[in-house]
Number of protein chains: 2
Amino acid sequence: MKIQELAEKTGFTAYTIRFYEKEGLFDSRHVRREDNNYRNYSDEAIERLRLIKKFQSMGCSLVELKDVLQDVNESKRTNEQMIEWIQHKISEVEQKKDEYDQILGTLNWMLTYRTALMNDPQKADAMLAAFKHSNAGH
Amino acid sequence: MKIQELAEKTGFTAYTIRFYEKEGLFDSRHVRREDNNYRNYSDEAIERLRLIKKFQSMGCSLVELKDVLQDVNESKRTNEQMIEWIQHKISEVEQKKDEYDQILGTLNWMLTYRTALMNDPQKADAMLAAFKHSNAGH
DNA sequence: GTAAACTATAGAGTGTACTCTAAGGCAAGC
DNA sequence: GCTTGCCTTAGAGTACACTCTATAGTTTAC
């Protein structure tokens, strides 16, 4: 498929897809050139972009991704290094999930507070006081 | 407390803390000036920075944060708008958590694959084949 | 066969969030 | 009183991830 089609199928712009190629995030499994020099993408390119999106959302830089997504055969890293990296990422993601639970707690507090502010100002004051008190002991 | 102390207590640099002030993320609850023009931070500044860190890790920009963290009294947004924003953020965080579960799935697959590559190459091949097959039906 | 719509490249520009430099003032220890 | 180190500011510089412009070639529809 051509670049515009890939862009539409993945939600990236054609600009971005070319940029990712320049950054070394694709190889011959994903793109080849036609006789007219147009890029021809395989279905694996879709998978690759989905994977990039996933890893990016967990805070991976493009440089890090480039390293990690390389084919096993041509990777600079040994298999042991890769396993180490994956384990590290797994614990990072698990930590992020915990953080998100904390954030949910904060957001729910804010929601309750803002709702009280409208319906029950006295309760809102009490919440604020309780919050300040809970932070007094660190 | 002075800026260096706040920096050490929160893990931000003094540069960043001043930068955040320029961006309007603090108010008189958090910083005041001494006679010598030095910034004097309250304990609330620590809380504020922790909150900034949290919200930032869920993809909030500093501009968005500025809006949201403003005191109820001087906020540009109505309470209703704030409640809407909070609810929106809550569903965003819940979605992110789901995404992270997916990523954990991917990472665990990668870990199993890489381990197999060392100990049981036949299994690794089978995994790769199964993976490609699972993507054939979208 | 020509206009519109797509493709290509190199390289410039943008937005976000820092990060640092330069030049000067203030504070604490010797 | 002087050095060392922290504080101040304005503004420059950096890193990252795009995002677009200019220019040119190719394909498609009429």
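For the numbers below, each heavy atom of this structure counts, side chains included, while hydrogens, waters and symmetry mates do not. The chains referred to below are lettered A, B, ... by the order of the sequence lines, with proteins before strands, and numbering in each begins at 1.
When side chains are defined from C-beta on, B:Leu25 does not count as touching B:His30, because their heavy atoms never get closer than 4.5 Å. With a 4.5 Å cut-off on side-chain heavy atoms, B:Phe19 and B:Thr13 do not count as touching. Within the 4.5 Å cutoff, the side chain of A:Lys97 has heavy atoms near those of the B:Leu104 side chain. Two residues are said to be in side-chain contact when any heavy atoms from C-beta on lie closer than 4.5 Å; B:Cys60 and B:Val68 fail this criterion. The side-chain heavy atoms of B:Glu23 and B:Lys66, taken from C-beta on, include no pair separated by under 4.5 Å. By the 4.5 Å heavy-atom criterion applied to side chains, B:Glu84 and B:Glu80 are not counted as neighbours.
Panel note: side chain A:Ser42, backbone A:Arg29; a donor-acceptor pair is recorded below 3.5 Å.
With respect to A:Glu47 and A:Arg50, a salt bridge is recorded, a charged nitrogen being found less than 4.0 Å from a carboxylate O. The residues B:Lys9 and B:Glu5 are annotated as salt-bridged, a charged nitrogen and a carboxylate oxygen being separated by less than 4.0 angstrom.
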Between N or O atoms, less than 3.5 Å apart, protein on one side and nucleotides 9-16 of chain C on the other: list the pairs.
from	atom 1	to	atom 2	distance (Å)
C:dT9	OP1	A:Arg33	NH1	3.3
C:dT9	OP1	A:Arg33	NH2	2.8
C:dT9	OP2	A:Arg39	NH1	3.0
C:dT9	OP2	A:Arg39	NH2	2.5

I'd like a table of atom pairs between the protein and nucleotides 22-26 of chain C - only N or O on both sides, under 3.5 Å - with the distance next to each one.
from	atom 1	to	atom 2	distance (Å)
C:dG25	N2	B:Tyr38	OH	3.0

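Distance OH (B:Tyr20) to C1' (C:dT19): 12 Å, rounded to an integer number of Å. One interatomic measurement links the two molecules: CD1 of A:Ile17 to C1' of C:dT7, which rounds to 13 Å at whole-angstrom precision.
Evaluation of the salt bridge (charged side-chain N to carboxylate O under 4.0 Å, His left out) rule for A:Glu92 yields A:Lys89 as partners, not counting sequence neighbours. For B:Arg39, the salt bridge (charged side-chain N to carboxylate O under 4.0 Å, His left out) criterion is met by B:Glu21, not counting sequence neighbours.
Heavy-atom contacts of chain A under 4.0 Å fall on DNA chain D between two terminal nucleotides, which in 5' to 3' order are D:dA17 to D:dT27.
Ring geometry for B:Trp109 against B:Phe131 counts as tilted: the plane angle lies between 30° and 60°, on a 0 to 90° scale.
When the nearest nucleotides of DNA chain D are assigned to A:Phe12 and A:Tyr15 by heavy-atom distance, the more 5′-ward of the two goes with A:Phe12.
Residues A:Asn79 and B:Arg114 have side chains that bring a donor and an acceptor to within less than 3.5 angstrom of each other.
For residues 52-59 of chain A, proximity to DNA chain D is found at A:Gln56, defined as any non-hydrogen atom under 4.0 angstrom from a strand atom.
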